[in-house]
Each structure stands twice: as structure tokens, then as C-alpha cells.
Number of protein chains: 2
Amino acid sequence: MGVTIKDIAKAAEVSYSTVSKALRDSPLVKEPTKQKIIKIAHQLGYQPNVAARSLVSKKSQTIGVVWPTIERVTHSALVTGLNKQLEELSYTTLISINEMEDAINTFNRYQVDAIVAFNEKNSREPAKSTVPIVTYGIAHEDSPFPTVDVNRKQAIQTAVDHLARTGHRSISYIGDMVQEDHLQEEKVEGFRQAIKDYDLELNSTSIIKVNDLASYDGYEAMKELLKKTDHPSAVISGSHDLSKGILRAIQEAGRSIPEDISIISYDNIPATEDLELPLSTVGVPLSTITEKLSEILIALINEETVEQSIYLKPELNITQSCKAWNGGETNE
Amino acid sequence: MGVTIKDIAKAAEVSYSTVSKALRDSPLVKEPTKQKIIKIAHQLGYQPNVAARSLVSKKSQTIGVVWPTIERVTHSALVTGLNKQLEELSYTTLISINEMEDAINTFNRYQVDAIVAFNEKNSREPAKSTVPIVTYGIAHEDSPFPTVDVNRKQAIQTAVDHLARTGHRSISYIGDMVQEDHLQEEKVEGFRQAIKDYDLELNSTSIIKVNDLASYDGYEAMKELLKKTDHPSAVISGSHDLSKGILRAIQEAGRSIPEDISIISYDNIPATEDLELPLSTVGVPLSTITEKLSEILIALINEETVEQSIYLKPELNITQSCKAWNGGETNE
DNA sequence: CACTCAAATAACAACGTTGTTATTATTGTA
DNA sequence: TACAATAATAACAACGTTGTTATTTGAGTG
């Protein structure tokens, strides 16, 4: 059924090794011959057989992505971005949603050139792999693979830093921390520390926990917060979805952004144009993450050494949703 | 680097062809030898090389899934389910998030045994494929591949049917239909027709359009609806997410389900246990879809003929969120 | 103890491709 | 016109595996 290089050879009346060279654009074959072969290959709808090719070349030009929990949407934008990036580097991306270990085995059998794993739950014993692996996520020291992670703590600190420098004294953080999720803890930790560093007030409404990461939770939390007479002049939100709800609550309450309240949202998503108001964000841009990941992948494939742990630095992106604070409270 | 059967052969002091047979549990090799070989293979961490294997066997025991828009979460549960199902049939699943045509080419090169494509946008020219394909989604007649689809129209009709039979006269449908989305239209169409068939009233609040499919949209829509004095006795929701918002709105308004209002949600998701109240649903269970898809895949691989278009029949699942209606309005 | 017959294992071809080596065709030069 | 030197193409081995065919080993029999 499949048309092979030999079929082309027959049709073009040359040897199959010439066809191979012609299709790989080798200078060893004369231009007219090359053209003829390419044309015939195209006519016959030839698709090279990866099995055969990677068998001999020991390379598959393919990267495996281990992504066990597709249902949590967190990483989908990242996977999409990575896919695009790798495509430009002429790599094909394959995704497996099996458990880390199974997925790695599958990819090993498939002779992918390297693997990216989304290390959600701290994986137990590292799977044996003949293929280099880079993980994205919680970078614990004893990880058997190089890890790329986002510095969440620093992100929130950066946000507080900006707000404090622009006069805000009363800042709240709204985030989810119900699930014993290390990633979320890190953000809260960053908040606490920054508040302390700037000697800002820390009271019962400074850190507001929400139950889930949906937009509605942000909405409710902000609604509650606005009921208090002494609500903060700035709010930092732990996720994009929460921020959506927060914006709604503020608008519904007839307050205005940034006059009454400034907002900064933790975020990795590229744009954020689905909102009426362009949101100030802090976080590592998706493109930075995908660039770093592909860079490491390529390095690993070329058997270069790479750093064991890489913490990407968040970037602050301030828009109309933030404003310096000089009213309301007594300034010194 | 990779361990091959020849390495095992050397270690076990047998020929490599014997190793091959032993590992495939052939009766042609003596039991003790077999055990010895298997043990050594395990020790060395042997992983068969798919490239070589599929080169000779022309089978890869792999199914490719074409899923260009992972960011829309709609299909993630389905992919997860399908993956599990295929795993049980000892097939490996690979996912590509490239455009249909690219993805199909990739999978062809990889010699997957068959392909499932999520046909979101009506794809233009069908890609050439040497591998059988089944699409999931809009089943238009001239599709070049067999298609599995869910009968959304019938789903909503079934819901109306149930409500009408249990005494409801005033029923609303809340759904998203802003994007010119054929799938959504189908549901509305089903609603209209069923209302007509049962000669129920159809007024300005019978069909409520929402802008998006998020929970918040359902919340807002329901809140509005409840303000009216003559609100419906039953609501059909176009999606799971909308339903979540609808529930909240009803609870917030101090109404009770199902005493004041009955609810049926369109849904394919397996459980729905994240809600306080078990929701009545109508839709094709995910397991039915994945079973049908794998069934067709296997048939295609075995070169059996399959139906061109398959419309899966929705199932109605009534729980506490529904109750017969006999109060309020004047009954005949 | 030779001799058949089956059991166990070994050897080999094939899958489609690439890289290397061998052969043939084509040119340029004396 | 003969002879290198080079360009173009062909032939072949190899990749790791499987299925088929060939060889060896070990019983069982007269």
C-alpha cells in the first residue's frame, strides 16, 4: 500500500539509492534527475517511512511530550506554543497522556530524540530512559532530570514591589491554596515575604483564600472584599481566571480601575485580550518558557551539558489596570 | 546506547532469533531458555525498537489522535477516555495538535494503524492518507471518512420530552449560540421542534442566549430569568459549565431545586460530582463514544467496512434535580 | 549402535531507508 | 586518440526486528 523509494526508483528508471539522495537534496545527483525524481515522488504521494529512516539514522526528529493530565487546562497553551516552536526547528511533537513512566517507555520505543515531561505530581522513582528528558514544573533538587520552572515567588514579590513603590500601602492577595499545591504556596510565600520586606500591613483581608481557580471564585472573593469599608487599594490575583471574576465584581460594584483599585494578575498566558480592560500581569511569558525548553531540548540532543535547575525570571507588565496611590489613606 | 535483542543474545549465549521468539513467548523455544532470556532482557532494561518492529510487521499498534485545538477543553475528557480504552486493547495513543493535514502526514510517516480526527472546523480538502481515518464531530454527508457524532438535537428533544410528560408547560433553554456554531444550533433546533411538537408556549424567555460557555454566563442568565414573575418551571442548559452557574443563581435567589425549578443539563462528562446537587443530564455518555470509536478503529484496521455516518443516541439521566410539575399554573 | 523423527536452536532474508563504496559515463588534456 | 580525473549513478551493507528455512541436538526404536 505505501509507496516506497523503490517504487519511485522504478518509475524514474534509476536506482533506489539515487532516489534517496535526490529526495534529501544531495549534491551528488544531477539537477534534472533530481527534479524528475521529486516530481514523481510527489505524484505518487510518497511519504518517507519514519520507521525505516529512524532505524538507520537513530534519530527521529521527534520530541515526546508527557502530559498526563490534559483535563487540567493549565498547560495547554504551553504545549501549543512548544509545538509551534519545535515545528520551526523542524521537530515533530508527539503527546502522550499516560503516566510518566508508561509515556517514557512508549517514547523510548519510538526513539524520540528527547522528552519534555510535565512534572505535576512529584513523580516517584524516575523512569529509566535512554532518551534525554527535561521536566517542566516543580524543580526539586534531587530531580534526576534537568528542570525548568517559573519563579512564582519572585513573581508575586515583583508585583508587590511595584505596588509598594507606587505608593500602595494596603494590598491584598487573592489566590487558591486549598489543594495542598506547592505551586500556590510559593506565591503566598512570596506575598508574605514582600509585605514584610516593605513593612506593609498584614491583616485578615490581606490574604484571601478561594476554593477553586474558576472565575466565579474570584468574583465572590472580591465582592466580599469590597463590602469592607477599608478595602485595599491594590489587589494581586493568583491566576488569570480569578482575575476575570475580580474585574467583574469591581465593575458591578461601580468602582473603577485603577482609580479605586489597582490590579495585577499572575499570568503566563500570551495576550489577555478577552477582557475589556488590559490587565497588568506578572509572570514568565509563555514564549520565554517555550524558548528555554526547546533550547534545552536541542542541547540535550546534541549531548551538551545543561544546568540542572533553571528558574525563569518573571516579567512585570503594567497597563491601565494599575495606578500610583496617593489618596485615601494618610501618607507620611 | 539502546539495548537490542543482539545484546541479550550475547548475554544469554543464544542466537538473536531465539531471543526474538522467547520475548514474543513463542512455543518454539524451551521454557527454561525462555525464562533465562526474559530475565536478562529485564535486567538490561530492554525496550523493543518500534521502528524496527513496525518496519517488518507493517503494524505499529498505535493510534494517532488529531486534535488541533487542545486549548478548548471540550474534548479532553474524551481523549483521556479513548486513551484508556485503547490501552486496554493494547494500542498506544499518540496525539498531534497540528492542523489536520500536517497531523495526518506525520501519522502516516509514523505508520500508525489508524487515526481519529476531531473535526472541528469543517476541514477543506481531505488529506491523503494511507491509514484509515475516523472523524468525530460534525457528520456531514460528503465527508471522505466515516464519522461518529452525537445527536444533539435528539438530546434536547429527549429532555423536553421528559419534562413535558411530567407536567411542565413552561420550559426555557439556556445556551450559547453566539459563535456561528453548528453544534449549538442543533440543540436550539431540537428545542424549538420539541416545544412545537408538545404545543408548549414559546415566548421571549423560552430561549436565552448567552455570550460564552463559562459558568458565569449561566449564572447571569439565570439571575435575569428569576427576576421575572412568570419564570419557567424547568430549565434545560446547553452545557455543563452553564449549569454550574445556573445552580448558583438559583441557590442564591433562595429557590429550591427541584421544587421551584427542574433542571436538565446537556452533558457528556462522566460523573458530575463536583456539584452539590446531582444534576439530571442528557447526552451521550463518554464511555459510549469511546467504545464506538475504538470499535470502528479496530474494524478499520481489520479492513472491515463500517457505516459512513454514525449518530450516537443520547441517554437521559434523571436525578433529584427534576420533579414532576403540578403546582403553580392552572392545569387542565 | 546406527537411524529416524521431533524438538530446539541457529542462520538468513526481508522490511525501507541512509551512508559508503564500487562502477560507469563524461569531460578535459596531452 | 588515449588517459586521467571527475561527475553521475549503481550496488551494497547496515539499522533491529520478525518469520521462514536450515541445521544441530537428543530421544526413541529396532
Side-chain angles (χ1 to χ4, degrees), chain A residues 1-38 40-41 44-62 92 105 107-113 130-131, chain B residues 1-38 40-41 44-62 92 105 107-113 130-131:
Chain A
M1 36 145 231
V3 23
T4 77
I5 190 176
K6 296 193 181 176
D7 299 323
I8 300 172
K10 211 167 288 173
E13 296 177 309
V14 292
S15 78
Y16 67 85
S17 60
T18 304
V19 174
S20 168
K21 287 171 189 52
L23 293 178
R24 312 219 81 212
D25 200 24
S26 158
L28 294 176
V29 26
K30 211 165 46 168
E31 195 56 37
T33 327
K34 203 185 278 185
Q35 290 310 324
K36 188 174 73 176
I37 291 174
I38 289 172
I40 293 179
L44 298 180
Y46 170 75
Q47 287 287 344
N49 180 322
V50 237
R53 179 178 281 181
S54 75
L55 185 58
V56 51
S57 71
K58 304 238 191 194
K59 290 272 172 245
S60 60
Q61 287 288 313
T62 304
T92 299
N105 283 338
F107 285 142
N108 270 292
R109 285 197 296 272
Y110 265 91
Q111 309 256 115
V112 300
D113 295 342
T130 60
V131 168
Chain B
M1 38 148 230
V3 180
T4 78
I5 67 175
K6 296 193 180 177
D7 299 323
I8 300 173
K10 211 167 288 172
E13 297 177 309
V14 292
S15 79
Y16 68 86
S17 59
T18 304
V19 174
S20 169
K21 286 171 190 51
L23 293 178
R24 312 218 82 211
D25 200 23
S26 158
L28 294 176
V29 25
K30 213 170 38 171
E31 195 55 36
T33 326
K34 203 185 280 185
Q35 290 310 324
K36 187 173 75 177
I37 291 174
I38 289 173
I40 293 179
L44 298 180
Y46 171 74
Q47 286 288 343
N49 179 321
V50 234
R53 179 177 280 181
S54 76
L55 183 58
V56 50
S57 72
K58 305 239 191 192
K59 291 273 172 244
S60 61
Q61 287 289 312
T62 304
T92 299
N105 283 338
F107 285 143
N108 270 291
R109 285 197 298 271
Y110 265 90
Q111 309 258 116
V112 299
D113 295 341
T130 60
V131 168

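Here is the naming used below: chain letters follow the sequence lines, and residue numbers restart at 1 for every chain. Given the structure is predicted, the values throughout are model-derived calculations rather than measurements. As a basis for the values below, the full set of heavy atoms in this structure was taken, side chains included, without hydrogen atoms, waters or symmetry mates.
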query: Which whole-number value in Å describes the distance from A/Leu55 CG to C/dC15 C1'?
result: 9 Å
- prompt: Can a side chain N or O of B/Tyr16 be found less than 4.0 Å away from OP1 or OP2 on D/dC15?
  reply: no
task: Would you check, one step at a time, whether the test side-chain contact (heavy atoms from CB on, under 4.5 Å) holds for A/Asn49 with A/Arg53?
output: CA-CA 6 Å; A/Asn49 180 322; A/Arg53 179 178 281 181; over 6 Å; no
- request: Could you tell me whether the phosphate oxygens of C/dG16, OP1 or OP2, come under 4.0 Å of any side-chain nitrogen or oxygen in A/Thr4?
  value: no
message: Whole angstroms only, please: what is the CD-C1' distance between A/Gln111 and D/dG16?
response: 9 Å
- prompt: Side chain of B/Thr33: nearest nucleotide among D/dA10, C/dT9, C/dG16?
  reply: C/dT9
- line: Of C/dC15, D/dT17, C/dT17, the nucleotide closest to the side chain of B/Lys58 is C/dC15
field: Residue-phosphate contact under 4.0 Å: B/Arg53 side-chain N/O, D/dG16 OP1/OP2
entry: no
message: Looking at B/Thr130 and A/Gly2, would you say the former's side chain and the latter's main chain have a donor-acceptor pair under 3.5 Å?
response: no
task: Using whole Å, report how far CD1 of A/Ile5 lies from C1' of D/dA10.
output: 13 Å
- prompt: Would you say the base of D/dA11 and the side-chain of A/Ser17 have a donor-acceptor pair closer than 3.5 Å?
  reply: yes
task: In whole angstrom, give the distance that lies between atom NZ of A/Lys30 and atom P of D/dT6.
output: 19 Å
- prompt: Within the pair A/Thr18 and D/dT9, is there a side-chain N or O less than 4.0 Å away from OP1 or OP2?
  reply: no
task: Give, for atom CG of B/Asp7 and atom OG1 of B/Thr4, the distance between the pair rounded to the nearest 0.5 Å.
output: 4.0 Å
query: Can you check the A/Leu28 CG to C/dT23 C1' distance for me, whole Å?
result: 15 Å
- request: Indicate yes or no: at least one non-hydrogen side-chain atom of A/Tyr46 is less than 4.5 angstrom from one of A/Ile40.
  value: no
- prompt: What's the CD1-C1' distance between A/Ile37 and D/dA8, to the nearest Å?
  reply: 11 Å
Distance in angstrom units between A/Lys6 NZ and D/dA10 C1', rounded: 13 Å
message: Of the options C/dT20, D/dT18, C/dG16, whose atoms approach the side-chain atoms of B/Ser20 most closely?
response: D/dT18
task: Provide, to the nearest angstrom, the distance between the NZ atom belonging to B/Lys21 and the P atom belonging to D/dT20.
output: 10 Å
message: Can you confirm whether B/Asp113 sits close enough to B/Thr62 that some side-chain heavy atom of one is under 4.5 Å from a side-chain heavy atom of the other?
response: no
